[in-house]
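Inspection log for the structure reproduced underneath, given as structure tokens.
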Amino acid sequence: MTTPYTFSQNAYAGDLQKTYAHLGDGEESGANVAIAGRVMLLRRQGKLAFGTMRDSTGEIQLFALSQVTTEFESFVKLHLGDWVGVRGEVVRTQRGELSVKVAQWELLAEARHNFGEKWSGIADVDLRYRHREADLWANPETRKALTLRSDVIRAFRERLWAGGFLEVETPMLNVMATGASARPFTTFHNSLDSDFFLRIAPELWLKRLVVGGYERVFELGRVFRNEGLSPRHNPEFTMLELYVAYWDYKDMMAFVEETVSGVAIDVLGTTEITYQGRSLSLAAPWEKKTMAELTSAAVGEDVSVHSSLEKLSSLLLERNATVEKSWGTGRLLAELFELTCETDLWDPIFVTEHPVEVSPLARRHRDDEALTERFESYAVGRELSNGFSELTDPDDQRKRFEDQARLAAAGDEEAMGIDEDYIRSLEWGLPPTAGLGIGIDRLVMLLADVSNIREVIAFPTLKPLRD
RNA sequence: GCGCCGAUAGCUCAAUUGGCAGAGCAUUUGACUCUUAAUCAACAGGUUCCGGGUUCAAGUCCCGGUCGGCGCACCA
């Protein structure tokens, strides 16, 4: 089958629907257009035929007549899913459907496989994820969610550019996997004869750029974590990280609530949304509570990083949680928080003042050296963002890394190692800086009102098919 | 990694207690000059996910496997 190499399209279905909304029933516009798209439906009625064509902007009816349309008999034999280019006049049929009266048309691509389901779409999730192209064609909801993802990313970029941020790219292949607590993927470089790790976070590189004098930087990109799959976890996911010199974590919290609610308005036109049947408001300001406050309220007694090991341990053990001997009160408090509070945080909230023990890259709190100036924002029971006043002191950073190294030696596969190169960077001088990370996939899930992360990733990670 | 659930025509789904494998849409053929998921008529379409087992008889019951969904664990 030979198909043309080009088609001179000069109109889109969605634009035509708007431009000719005024056209009366049975009226002809006199305007000739060239449109292209996929044939979604075809209804023949003797020497007339009505088709529904979809392009990237919407749908419009194709109105073919044996006396007007070239190769009419071939036109009515088009298959659902075929791509066509059509030239003709914009008209509204007697029954009131805006149409292009097909004068000339050409087959642009044949669909050898099609789906008879005009109303159920494709329900087989395996097929939907492995052949997203078919899913996009058959299921409007899929297109909606993936388009929203693109809209969200554009909205962030535009807001960041407007805020004076520089977009940068940092290495994905790293000698150490650091900047977060996670197990990495490993790979190998042949000529360098070296193992590399896929990045789990760009954090340390970005702070080095701040050391270098870029006061506002961001990176929007993929990170890779070698962990289990779930409706909320894909091994590769998209993270927005940004750093601002001279800010602290309070400045960053204000930025987060303003930016996230602003992005919601950019893409949805509102901050008032519904997620899985339950409403919430993303409008700023968001509630702020310390980790100790929330955990105390949840367990019914005062707890903090200064509580005894025994007290925190027993509260965890009462709840059938496991407790490691190597954990201090900071880790115990964080575990207790996650166990008792996290899933109940429906409306947007900043949880603040995380223990130093679980925050190896965050600056110590100005009022309590067992805590850090850190926040995590939560909504619908999930973490949406994480940020802090950055640790700028190279000596303290070395101590934190040494603590991490001890955990690693004790068997913690997610602990960081000592990154001498990064400590040297801090010795050049990192100004007071606040940093932020936002999981874009999860935010898109929230805005798109979908419960599975795979619905917002075009080609999610799946188990390879055997034989 | 563990537990529960699922897989039947190209697509969406039925199939009673273990008793002839079915429908709609799509495809193919025909009718139809304003349809809207058009309608009407006819034809065709099957490794019931894969491999074993029980039984006179298995889509259905049992065992093993593959892939997926959900939950747990890990994490964002």
Side-chain angles (χ1 to χ4, degrees), chain A residues 25-26 39-52 59-69 72 76-82 91-99 101 111-131 134-135 137-139 179-184 200-201 223-241 320-322 335 338-339 342 376-379 381-386 412-414 437-446 451-455 460 462-467:
Chain A
D25 292 357
V39 176
M40 301 306 292
L41 292 170
L42 197 58
R43 301 173 289 279
R44 181 180 187 176
Q45 176 137 359
K47 295 190 167 77
L48 298 181
F50 302 90
T52 303
E59 295 185 347
I60 192 164
Q61 180 165 271
L62 304 179
F63 179 27
L65 300 88
S66 63
Q67 293 180 331
V68 174
T69 304
F72 179 79
V76 297
K77 284 179 183 154
L78 282 168
H79 288 173
L80 304 193
D82 284 346
V91 301
R92 189 175 296 279
T93 59
Q94 291 167 24
R95 296 293 179 87
E97 188 70 33
L98 189 73
S99 310
K101 189 158 79 178
R112 294 192 185 179
H113 311 284
N114 70 65
F115 306 100
E117 275 316 301
K118 296 182 284 200
W119 51 94
S120 302
I122 299 177
D124 179 349
V125 291
D126 202 21
L127 177 63
R128 290 184 52 226
Y129 295 152
R130 289 186 199 278
H131 286 283
D135 186 28
W137 152 22
N139 294 325
S181 298
R183 292 161 66 182
I200 58 174
V223 297
F224 307 87
R225 299 189 184 176
N226 204 341
E227 286 150 0
L229 283 69
S230 89
R232 290 163 297 282
H233 299 84
N234 198 65
E236 49 178 311
F237 62 100
T238 298
M239 177 96 94
L240 170 65
E241 283 205 15
N320 300 317
T322 54
E335 294 282 335
E338 285 171 20
L339 193 63
E342 194 170 321
E376 290 177 304
S377 71
Y378 285 83
R382 298 175 197 158
E383 186 185 336
L384 279 188
S385 73
N386 177 25
D412 186 341
E413 293 183 79
E414 294 170 359
I438 294 182
I440 294 296
D441 311 79
R442 293 232 178 129
L443 179 61
V444 175
M445 285 173 69
L446 178 61
S451 60
N452 193 319
I453 195 168
R454 290 171 163 175
E455 299 297 340
L462 295 175
K463 193 161 184 173
L465 294 173
R466 301 205 177 177
D467 77 351

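Convention: sequence-line order gives letters A, B, ...; per-chain numbering from 1. Computed from a predicted model, the values in this text were never measured in an experiment.
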Shortest side-chain distance from A:Glu97, nucleotide among B:A38, B:U27, B:U36: B:U36
Minimum-distance nucleotide (side-chain atoms of A:Gln61 versus B:U36, B:G71, B:U33): B:U36
Gap in Å between the two C1' atoms, one belonging to B:C61 and one to B:G68, rounded: 24 Å
Interatomic distance where CD1 belongs to A:Ile122 and P belongs to B:C11 [whole Å]: 8 Å
Side-chain heavy atoms of A:Glu376 within contact of A:Asn386, under 4.5 Å: yes
Nearest listed nucleotide, side chain of A:Arg442, among B:A76, B:A38, B:G68: B:A76
Stem segments of RNA chain B by first residue number [Watson-Crick or G-U, under 3.5 Å, at least 3]: B:1-7 with B:66-72, B:10-13 with B:22-25, B:28-31 with B:39-42, B:49-53 with B:61-65
B:C70 phosphate, OP1 or OP2, under 4.0 Å from A:Asn452 side-chain N/O: yes
A:Phe63 vs A:Glu97 side-chain heavy atoms within contact, under 4.5 Å: no
Note, A:Asn114 side chain near A:Trp137 side chain (heavy atom, < 4.5 Å): yes
Spacing of A:Glu227 atom CD relative to B:A73 atom P, expressed in whole Å: 14 Å
C1' gap between B:C63 and B:A58, integer Å: 15 Å
Set of side-chain contact (heavy atoms from CB on, under 4.5 Å) partners for A:Glu236, sequence neighbours left out: A:Arg222, A:Phe224, A:Asn234, A:Thr461
Note, A:Glu335 side chain near A:Thr322 side chain (heavy atom, < 4.5 Å): no
Sugar-phosphate, base or nothing in reach of A:Gly121, heavy atoms under 4.0 Å: sugar-phosphate
Rounded P spacing from B:C43 to B:C5 in Å: 42 Å
Below 4.0 Å: OP1/OP2 of B:C34 and any side-chain N or O of A:Gln45: yes
A:Asp126 CG - B:G69 P separation (whole Å): 7 Å
A:Arg128 and A:Glu455, any side-chain heavy atoms less than 4.5 Å apart: yes
Atom-pair distance (CG on A:Asp25; P on B:U36), nearest Å: 15 Å
Under-4.0 Å side-chain N/O to phosphate OP1/OP2 contact, A:His113 with B:U27: no
Touch class at under 4.0 angstrom, heavy-atom based, for A:Asn234 against every strand present: base
Touch class at under 4.0 angstrom, heavy-atom based, for A:Ser181 against every strand present: sugar-phosphate
Touch class at under 4.0 angstrom, heavy-atom based, for A:Asp124 against every strand present: sugar-phosphate
Nearest-Å distance once atom C1' is located in both B:U48 and B:A7: 10 Å
Residue met sooner reading RNA chain B from 5', once A:Ala123 and A:Phe50 are mapped to nucleotides: A:Ala123
Spacing of the C1' atoms in B:U54 and B:G64 (rounded, Å): 15 Å
B:U27 and B:G18, which share atom name P, separated by this distance in whole Å: 39 Å
Close side-chain approach of A:Arg92 to A:Leu98, heavy-atom, < 4.5 Å: yes
Along RNA chain B (nearest heavy atom to each residue), the more 5'-positioned of A:Phe237 and A:Arg130: A:Arg130
Stepwise side chain to side chain donor-acceptor pair (under 3.5 Å) test for A:Ser181 and A:Glu414: CA-CA 5 Å; A:Ser181 298; A:Glu414 294 170 359; 5.8 Å; no
Sugar-phosphate, base or nothing in reach of A:Gly46, heavy atoms under 4.0 Å: base
Between B:C49 (C1') and A:Leu127 (CG): distance, integer Å: 14 Å
Distance below 4.0 Å between A:Arg44 side-chain N/O and B:U33 OP1 or OP2: no
A:Phe72 and A:Gln67, any side-chain heavy atoms less than 4.5 Å apart: no
Separation of B:U33 P from A:Gln67 CD (nearest whole Å): 11 Å
Sugar-phosphate only, base, or nothing, as touched by A:Tyr129 at under 4.0 Å among non-hydrogen atoms: sugar-phosphate
Contact check, side chains of A:Asn226 and A:Pro184, non-hydrogen atoms, under 4.5 Å: no
Sugar-phosphate only, base, or nothing, as touched by A:Leu462 at under 4.0 Å among non-hydrogen atoms: sugar-phosphate
For atom CG of A:Leu42 and atom P of B:C32, their distance in whole Å: 17 Å
Euclidean distance for P, B:C62 against B:G19 (whole angstrom): 15 Å
Separation of B:C74 C1' from A:Phe224 CZ (nearest whole Å): 19 Å
Nucleotide of B:C72, B:C74, B:G69 approaching A:Val125 most closely (side-chain heavy atoms): B:G69
Distance between P atoms of B:U28 and B:G10 (Å, rounded): 16 Å
Per A:Arg232 side chain, nearest of listed nucleotides B:G71, B:A37, B:G68: B:G71
